[in-house]
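Worksheet: one structure, shown below.
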Amino acid sequence: MRDDMSGLRTYSGITTKIRAIRSRMLSHEQLRELAGCTDVAQVIQYLAGTKEYGKLLASVSPEELHRGNIEKILKNCYYKDFEKLYHFADMEQRKYLMLYFKRFELSFMKSCLRNICRTNSEDRSDRDIIELFHRHSKLDVQALQSETTIEGFVDKLRGTEYYLPLKHVVDAERHTLFDYEAALDYCYFTTMWKDKQKNFKGLDAKILDRSLGYKLDILNMQWIYRSKRYYSLSNAEIYAILLPMRSKLTKIDLTRMVEAKDMVEFAAALKKTYYGKLYPQIAGENLEDIYIYLLDKVHETDGFKYPYSVAIINSYLYQKEYEINKVTTIMESIRYSLPYEDIVRYARIN
């Protein structure tokens, strides 16, 4: 394990940079004030007055400030922070950032697939994303964004690690959006796990084991639950989509959940897992809430406990992503005139 002085020398610069960037994030009070806005125009006006989003919004004309563009602006703010950290990082830290970038690839490809499946003709081109991916990715963003069929989309991924898993879905008799997204998730997390083992040792490896391991476990539980509740998949089909890596789940845990005869038996199996003992209220319906709560806790704890390690980068990027998600949820909820109490609950800013 890396000693404290070594970590201080390696991470002191980027830790100072992250602390400065983090100071511009929205506070809990600001998020609640944002949730109290009466319409989307007021949300935009509020964001324009913040340190984090003000400059980006000021550079956009009023005619361009519609929902689609606002979401792009929010995401681009996230990407710009990634770029700042990348340019400030040393070679070892860039290894982690490039590993994290695969999360952007996953999100981008899922967005394209959903657009195709919904036959949505909305223009999703984004110069900032194109430039970002050109610098850090092998994906041809422009070609993928313009594709209108699943088969064409998959074909344009030839030469990447995503091609074969998606091609297997295309060639299968039954293929839904869920199948394509599950294939992408499988590929993404398998690659992340292998790269983590190859490129990180000591404390950094331990930190990534915790955050990635919990994700893998809870995603597997979610997939089993969704497969049994909504898709009526056979046991063999469920086993086929499960991620092979585990943290706190045992092989017996997985077998109990997959082979549960009904949802009552599944719920009982869920409560016997490490997570069921940790959270007695656990159920298939609240796995997403537990997932977010657990990851919030892990990233906050590790970022505080190990400020001169990969944890500081990992925790900041996680927190920034969820800030964007919260703001987007607030804006969407206000657009549909939901009550303040519901907005606060959906955005998880209670």
Side-chain angles (χ1 to χ4, degrees), residues 1-31 50-53 74-104 107 132 136 189 192-193 195-218 247-248 278 290-327 348-350:
M1 185 178 292
R2 187 182 61 240
D3 60 82
D4 290 343
M5 287 306 297
S6 174
L8 180 61
R9 287 192 298 269
T10 303
Y11 280 91
S12 60
I14 200 165
T15 296
T16 301
K17 183 70 174 179
I18 288 173
R19 284 172 177 165
I21 297 174
R22 182 177 271 152
S23 69
R24 301 198 304 267
M25 290 182 67
L26 299 178
S27 67
H28 184 78
E29 290 71 23
Q30 285 178 306
L31 287 168
T50 64
K51 293 180 181 179
E52 182 68 347
Y53 304 106
L74 293 175
K75 287 182 179 179
N76 286 342
C77 186
Y78 181 32
Y79 297 148
K80 288 181 187 298
D81 279 358
F82 175 90
E83 286 280 76
K84 289 175 187 175
L85 296 181
Y86 186 85
H87 290 303
F88 204 81
D90 63 22
M91 293 305 295
E92 287 301 308
Q93 292 155 4
R94 286 186 176 185
K95 285 182 181 179
Y96 170 72
L97 288 168
M98 288 312 300
L99 186 63
Y100 192 92
F101 191 86
K102 291 185 179 297
R103 188 172 182 83
F104 295 162
S107 177
L132 177 75
H136 301 292
F189 282 108
M192 288 281 287
W193 190 262
D195 284 359
K196 182 267 303 176
Q197 291 181 310
K198 177 181 177 182
N199 294 313
F200 300 93
K201 307 295 180 185
L203 178 59
D204 286 347
K206 176 184 175 182
I207 289 165
L208 295 178
D209 271 343
R210 274 166 53 83
S211 63
L212 187 55
Y214 288 152
K215 287 182 184 179
L216 295 170
D217 282 352
I218 297 180
S247 178
K248 301 295 185 181
L278 197 60
I290 291 174
Y291 175 80
I292 293 173
Y293 172 79
L294 184 59
L295 292 183
D296 279 349
K297 185 176 180 181
V298 166
H299 286 91
E300 182 179 356
T301 301
D302 285 352
F304 177 78
K305 189 175 181 180
Y306 308 113
Y308 300 106
S309 71
V310 74
I312 194 69
I313 306 174
N314 195 32
S315 64
Y316 173 71
L317 289 173
Y318 171 85
Q319 289 165 358
K320 183 63 180 180
E321 179 182 10
Y322 273 90
E323 176 178 284
I324 300 295
N325 289 345
K326 287 175 182 178
V327 173
R348 294 185 171 91
I349 52 175
N350 294 34

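Since the model is a prediction, treat every value here as computed from it, not as a measurement. Side chains included, hydrogens not; waters and symmetry mates left out as well; all remaining heavy atoms used.
Residue W193 holds its CH2 atom at 12.0 Å from CG of L99, rounded to the nearest 0.5 Å. To the nearest 0.5 Å, atoms CG (L295) and CZ (R210) are separated by 10.5 Å. If you take NE2 on H87 and CG on L97, they are separated by 11.0 Å, rounding to the nearest 0.5 Å. Rounded to the nearest 0.5 angstrom, M192 CE and K215 NZ are separated by 6.0 Å. How far CG of L294 is from CD1 of I292: 11.0 Å, rounded to the nearest 0.5 Å. Distance check, rounded to the nearest 0.5 Å: OG of S247 to CG of L216 gives 8.0 Å.
Remark: K102 pairs with E161 by the side chain to side chain donor-acceptor pair (under 3.5 Å) rule, at least two apart or across chains. Among residues two or more places apart in sequence or in another chain, the ring-ring contact (aromatic ring centres under 6.0 Å, His included) test is passed with Y53 by none.
The side-chain heavy atoms of L278 and I290, taken from C-beta on, include no pair separated by under 4.5 Å. Annotation: side chain of E52 is in contact with side chain of D81 (closest heavy-atom distance under 4.5 Å). Counting only heavy atoms from C-beta outward, the side chains of Q93 and F88 never approach each other to under 4.5 Å.
Between L317 and Y96, the shortest heavy-atom distance links the atoms CD1-CE2, 4.5 Å. In terms of heavy-atom proximity, L31 sits nearest to I349 at O-CD1, 3.5 Å. Contact record, I207 with A311: CD1-CB, 3.6 Å, taken as the closest heavy-atom pair. Contact between P307 and R19 at its shortest, heavy atoms only, is CB-NH2, 3.9 Å. Considering every non-hydrogen atom in both I14 and L85, the closest pair reads CD1-O, 4.0 Å. Summarising the geometry of D217 relative to K248, their closest heavy-atom pair is OD2-N, 2.6 Å, with the distance given to 0.1 Å.
A ring-ring contact (aromatic ring centres under 6.0 Å, His included) with H299 holds for exactly one of Y293, Y318, Y322; it is Y318.
Listed for the T16 side chain is a donor-acceptor partner under 3.5 Å among the backbone atoms of S12.
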Does the salt bridge (charged side-chain N to carboxylate O under 4.0 Å, His left out) test come out yes or no for K320 and E323, once each step is laid out?
CA-CA 5 Å; K320 183 63 180 180; E323 176 178 284; 3.2 Å; yes
Might you work through the side chain to side chain contact (heavy atoms under 4.5 Å, CB included) test for D204 and Y306, ending with a clear yes or no?
CA-CA 10 Å; D204 286 347; Y306 308 113; over 6 Å; no
Please lay out, stage by stage, how N314 and S211 fare under the test side chain to side chain donor-acceptor pair (under 3.5 Å).
CA-CA 9 Å; N314 195 32; S211 63; 3.3 Å; yes
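Under the 6.0 Å cut-off for aromatic ring centres, F82 and Y79 do not qualify, their centroids lying 6.0 Å or more apart.
Using bins of under 30°, 30° to 60° and over 60° for the plane-to-plane angle, the ring pair F104/Y78 lands in the perpendicular bin.
We find that E92 and K95 are joined by a salt bridge, their nearest charged nitrogen and carboxylate oxygen being less than 4.0 Å apart.
No more than 12 heavy atoms of other residues, nucleotides or ligands lie within 6.0 Å of CD in E300, so this atom counts as exposed by the packing criterion. Within a 6.0 Å sphere centred on NZ of K75, other residues, nucleotides and ligands contribute 12 heavy atoms or fewer.
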